[in-house]
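Since the structure comes first, as structure tokens, the remarks are kept for the end.
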Amino acid sequence: AIAFTKRPGLDADRLIAVVEPVLAAHRVEGVELIWKTDRGGMVLELSIERADAQLPGAGITIDVCTDVSRDLSAALDALDVIGPKYRLEVGSPGVERTLYSPDDARRFAGQLAKIKIRQPLASEGPLKDQRVLRGNLLGLTETGQIQIETEFGVLAIDWDNVSLAKLVFDWDRAMQQSGRGALPADGAGAPGGQKQS
């Protein structure tokens, strides 16, 4: 199954029936399948990931994207699902991947995330008007709520109260994990000695 699809004007059932076997053959899952128009014409964008990946984009190489693109393009053309004029783009969902289900929150536990909620979690106190929460995902509670460690403490959020959840790329954490350390706040050490802005 593909987590999110947006395909106005296309036969959804036929499209999914072509896409899913190609994904299965390459042992990847679909995250987003989007049919849209851009300056170059019609584009079918497909983002993919490994089902067991705990980091966004892990294991999705240029070779994997090329192979999926080649096979999917051939299948779409052979069955004339879209028509002759379109561009196919296959890639990773990126480091700031949208979370489309509680299972995504479970799988990406340990990652920094931003969650927008429909209703504040409290009627008074610091959470009274808070609709955007940022912190480390801790996974799911026993009752299936998303757990996130924030500046307000550990919070549990019903999935029905989530309007948008995304992973957030943490540059400082990435630099520390790479062994390079964070850049000084004044920008020293930036390429060319320039301040970053």
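- With a 6.0 Å radius and a threshold of 12 heavy atoms from other residues, nucleotides or ligands, R118 has its CZ atom above the threshold.
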Legend entry - Candidate pair I82 and L44, rule side chain to side chain contact (heavy atoms under 4.5 Å, CB included), full reasoning: CA-CA 9 Å; I82 295 178; L44 183 64; 3.7 Å; yes

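- In the model, Q145 has a side-chain atom that pairs as donor or acceptor with a side-chain atom of D158 under 3.5 Å.
- A salt bridge does not link E45 to K6: none of the charged nitrogens lies less than 4.0 Å from a carboxylate oxygen.
- E49 places a side-chain heavy atom less than 4.5 Å from the side chain of R97.
- Pairs of residues two or more places apart, or lying in two chains, that qualify as side-chain hydrogen bond (donor to acceptor under 3.5 Å, both in side chains) and include a residue from residues 53-70 are D67-R70.
- A heavy-atom distance below 4.5 Å is not found between the side chains of I34 and V43.
- The two residues P21 and I16 make their nearest non-hydrogen contact at CD-O, 4.2 Å.
- Between R50 and V28, some side-chain heavy-atom pair lies under the 4.5 Å cut-off.
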Inset, instruction - Kindly indicate, with the supporting measurements, whether the criterion side chain to side chain contact (heavy atoms under 4.5 Å, CB included) is fulfilled by L23 and H26. - result: CA-CA 5 Å; L23 297 178; H26 291 278; over 6 Å; no

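- Qualifying side chain to side chain contact (heavy atoms under 4.5 Å, CB included) partners for A17, counting only residues two or more places apart in sequence or in other chains: none.
- Between K114 and E96, none of the side-chain N atoms (NZ, or NE/NH1/NH2) sits under 4.0 Å from a carboxylate O, so this pair counts as no salt bridge.
- For the pair K166/L164, a side-chain contact is recorded, criterion being any heavy-atom separation below 4.5 Å from C-beta on.
- A donor-acceptor pair is defined here as one N or O able to donate and one able to accept, closer than 3.5 Å; no such pair exists between the side chain of S47 and the backbone of S92.
- No salt bridge links R107 with D52; every basic N to acidic carboxylate O contact stays at or beyond 4.0 Å.
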